[in-house]
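Taking it in order: structure first as structure tokens, then the write-up.
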Amino acid sequence: MTTRPASGDIATSLVPEPLSATQPARPAPRALPRVIAIANQKGGVGKTTTTVNLGACLAELGYRTLVIDLDPQGNATTGLGIANRGLETSMYHVIMHEAPLENCIEPSAVKNLFVAPASLDLAGAEIELVPAFSRENRLRRAIAAVVDDYDYVLIDCPPSLGLLTVNGLNAAREVLVPIQCEYYALEGLGQLLRNVDLVKRNLNPDLEVSTIVCVMYDARTKLAGQVVNDVREHFGDKVCRTVVPRTVRLSEAPSFGQPIITFDSTSRGAVAYREVAKEVSRGTTRRAG
């Protein structure tokens, strides 16, 4: 009799029971526009890399896509070639001063891809929001004014459950979770699911975890395969069939302000994120002009 991998013990204790075997192999396409929060409570798990590259690949497929950078570090902003210093209007102004979201949106170098940039000021927003009126709804209202101009709105959330992340989860209808293929990543997943459920019960009843992407996959390690198998066992068709490999080119691309499809179009990372974008979009007909 074989012994269950150690990673399975953590997964079993933290994630829900496996999905029913009678469920369809693949979900039906979803209506556009789609507002998706990319979230994980654990830092360094490829969250921003996934936001930037999924956004670029959806744009390459012809979908008009907006990336909203809610992380004060501004890595999604700089990763798409937008300088996050000296911005006249940023997500800080949208969240704190209720500036129109359209005033802060910048075009990226990728056709169909737009960015609502973060500035360093956003770091103070967590504290400034505490006494603010209707503090959890700032982003939801801002997105409502522009959502019909886009097919996809991707929200890059900070790696914590502060008020910025709560705004992101409250504004979205879906959560996409990138999971690093290593042992401790499963712990962060359990905490995230509890937090998503908290937001769903108290603020946003339409919220659901719709997609899980296994990233930073290292085929040389047995553990990576065990983590992927555990996640697929418990989440079934929510897990993308495509696994994103850990590659040097994916790590290098942000320092050049480019998504992987323009930095190295034929690399393994570019191929993988293109496939992830196809799985996420499921061939839905484009709607935005």
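Just so it is clear, the values below take in all heavy atoms, side chains as well, and ignore hydrogens, waters and symmetry mates. Computed from a prediction, not measured in an experiment: that's the story for all the values here.
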>> So Glu182 and Val227, do their side chains get closer than 4.5 Å, heavy atoms only?
In response: no

>> Do Ile179 and Val213 have side chains that approach each other closer than 4.5 Å (heavy atoms only, starting at C-beta)?
In response: no

>> Taking side chain to side chain contact (heavy atoms under 4.5 Å, CB included) as the definition, give me every residue that meets it alongside Glu60, ordered by chain and number, with sequence neighbours left out.
In response: Ile261, Arg274

>> If we ignore hydrogens and angles and just use 3.5 Å, is the side chain of Ser265 paired with the main-chain N or O of Thr262 as donor and acceptor?
In response: no

> After noting the C-alpha distance and the side-chain angles of Val209 and Thr211, does the key distance pass the side-chain contact (heavy atoms from CB on, under 4.5 Å) rule?
Replying inline: CA-CA 6 Å; Val209 175; Thr211 311; over 6 Å; no

> Counting distance only, does the side-chain N/O of Gln41 pair as donor-acceptor with the main-chain N or O of Leu189 below 3.5 Å?
Replying inline: no

> In terms of hydrophobic clusters joined by side-chain contacts under 4.5 Å, are Val271 and Leu54 together?
Replying inline: no

> For Glu252, which residues count as a salt bridge (Lys or Arg N to Asp or Glu O under 4.0 Å) partner, sequence neighbours excluded?
Replying inline: Arg249

> Can you list every side-chain hydrogen bond (donor to acceptor under 3.5 Å, both in side chains) pair that touches residues 68-82, not counting sequence neighbours?
Replying inline: Asp69-Thr77

> What about Leu70 and Val146, same hydrophobic cluster or not, with Ile/Leu/Val/Met/Phe/Trp/Tyr joined at side-chain heavy-atom distances under 4.5 Å?
Replying inline: yes

>> For a quick test of reading the model, state the closest non-hydrogen atom pair linking Glu126 to Val130 and the distance between them.
In response: O-CG2, 3.5 Å

> By side chain to side chain donor-acceptor pair (under 3.5 Å), which residues pair with Ser119, not counting sequence neighbours?
Replying inline: Ser90

> Hey, does the side chain of Thr51 reach the backbone of Lys47 with a donor-acceptor pair shorter than 3.5 angstrom?
Replying inline: yes

>> Please enumerate all residues that pass side chain to side chain contact (heavy atoms under 4.5 Å, CB included) together with Pro72, with sequence neighbours excluded.
In response: Leu122, Ala123, Pro158, Leu164

> Say you draw a straight line from SG of Cys240 to CG of Leu176; how long is it, rounded to the nearest 0.5 Å?
Replying inline: 6.5 Å

>> Determine whether a donor-acceptor pair (N or O, by modelled atom type, separation under 3.5 Å) exists between the side chain of Asn167 and the backbone of Leu139.
In response: yes

>> Measuring only between side-chain heavy atoms, which start at C-beta, is Ile68 closer than 4.5 Å to Leu101?
In response: yes

>> Quick check: closest heavy atoms across Ser160 and Thr165, and the distance to 0.1 Å?
In response: O-OG1, 2.6 Å

Side chains of residues 103-112: which donor-acceptor pairs under 3.5 Å do they make with residues two or more places apart or in other chains?
| from | atom 1 | to | atom 2 | distance (Å) |
| --- | --- | --- | --- | --- |
| Ser108 | OG | Val110 | N | 3.1 |
| Ser108 | OG | Val110 | O | 3.3 |
| Ser108 | OG | Leu113 | O | 2.9 |
| Asn112 | ND2 | Ala59 | O | 3.2 |

> Could you give the distance from CG (Asn229) to NE2 (His234), rounded to the nearest 0.5 Å?
Replying inline: 11.0 Å

> Between Ile212 and Val45, is there a shared hydrophobic cluster once you connect ILVMFWY residues whose side-chain heavy atoms come closer than 4.5 Å?
Replying inline: no

>> Pair Arg173, Arg30 - check side-chain contact (heavy atoms from CB on, under 4.5 Å), show working.
In response: CA-CA 11 Å; Arg173 291 182 67 93; Arg30 293 172 181 261; over 6 Å; no

>> Salt bridge or not between Glu208 and Lys200? Use side-chain N to carboxylate O under 4.0 Å.
In response: no

> Can you name the closest pair of heavy atoms from Cys181 and Met216 and give their distance?
Replying inline: CB-O, 4.2 Å

>> I need the minimum non-hydrogen distance between Leu120 and Arg85, along with the two atoms involved.
In response: CD1-NH1, 3.5 Å

> Roughly how far, to the nearest 0.5 Å, is the NZ atom of Lys278 from the OG1 atom of Thr242?
Replying inline: 9.0 Å

>> Can you give me the closest heavy-atom contact between Pro178 and Ala39, atom names plus distance?
In response: CD-O, 3.6 Å

>> I'd like to check the side chain to side chain contact (heavy atoms under 4.5 Å, CB included) partners of Ala253; sequence neighbours left out, ordered by chain and number.
In response: Ile260, Phe263

>> My understanding is that a hydrophobic cluster links ILVMFWY residues whose side chain heavy atoms are under 4.5 Å apart, including indirect links. Using that, what else belongs to the cluster containing Val228?
In response: Tyr217, Val243

> Rounded to the nearest 0.5 Å, what separation is found between the CG atom of Asp237 and the CD atom of Glu279?
Replying inline: 11.0 Å

> Closest approach of Leu61 and Ser281, non-hydrogen atoms and distance?
Replying inline: CD1-OG, 4.0 Å

> Can you list every pair that meets ring pair (Phe, Tyr, Trp, His ring centres under 6.0 Å) and has a residue in residues 158-178, with sequence neighbours left out?
Replying inline: none

> Got Leu32 and Tyr152 here, is their nearest side-chain heavy-atom distance under 4.5 Å?
Replying inline: yes

> Who passes side chain to side chain contact (heavy atoms under 4.5 Å, CB included) against Leu198, sequence neighbours left out?
Replying inline: Arg201, Asn202

>> Tell me which pairs pass side-chain hydrogen bond (donor to acceptor under 3.5 Å, both in side chains) where either residue lies in residues 129-145, with sequence neighbours left out.
In response: Glu98-Arg141, Ser134-Asn137, Ser134-Arg141, Asn137-Asn170, Arg140-Asn170, Arg140-Asn204

>> Determine whether a donor-acceptor pair (N or O, by modelled atom type, separation under 3.5 Å) exists between the side chain of Thr65 and the backbone of Tyr63.
In response: yes

> Between Asp151 and Arg64, is there a salt bridge with N-O shorter than 4.0 Å?
Replying inline: no

> What do the steps show when you test Leu250 against Asn53 for side-chain contact (heavy atoms from CB on, under 4.5 Å), and what is the final call?
Replying inline: CA-CA 9 Å; Leu250 269 175; Asn53 290 301; 3.9 Å; yes

>> Please report the interatomic distance CG(Asp156) to CD1(Ile36), rounded to the nearest 0.5 Å.
In response: 13.0 Å

> Is the closest side-chain heavy-atom distance between Leu161 and Leu169 below 4.5 Å?
Replying inline: yes

> Is the closest side-chain donor-acceptor distance between Asn195 and Gln191 under 3.5 Å?
Replying inline: yes

>> Rounded at 0.5 Å granularity, tell me how far OH in Tyr273 sits from OG in Ser267.
In response: 11.0 Å

> Under the side-chain contact (heavy atoms from CB on, under 4.5 Å) criterion, do Val215 and Thr49 qualify, and how do the steps go?
Replying inline: CA-CA 10 Å; Val215 302; Thr49 297; over 6 Å; no

>> Looking at Arg232 and Arg241, would you say the former's side chain and the latter's main chain have a donor-acceptor pair under 3.5 Å?
In response: yes

> In terms of hydrophobic clustering (I, L, V, M, F, W, Y; side-chain heavy atoms under 4.5 Å; direct or indirect links), are Ile95 and Ile127 co-clustered?
Replying inline: no

> By ring-ring contact (aromatic ring centres under 6.0 Å, His included), which residues pair with Tyr92, not counting sequence neighbours?
Replying inline: His97

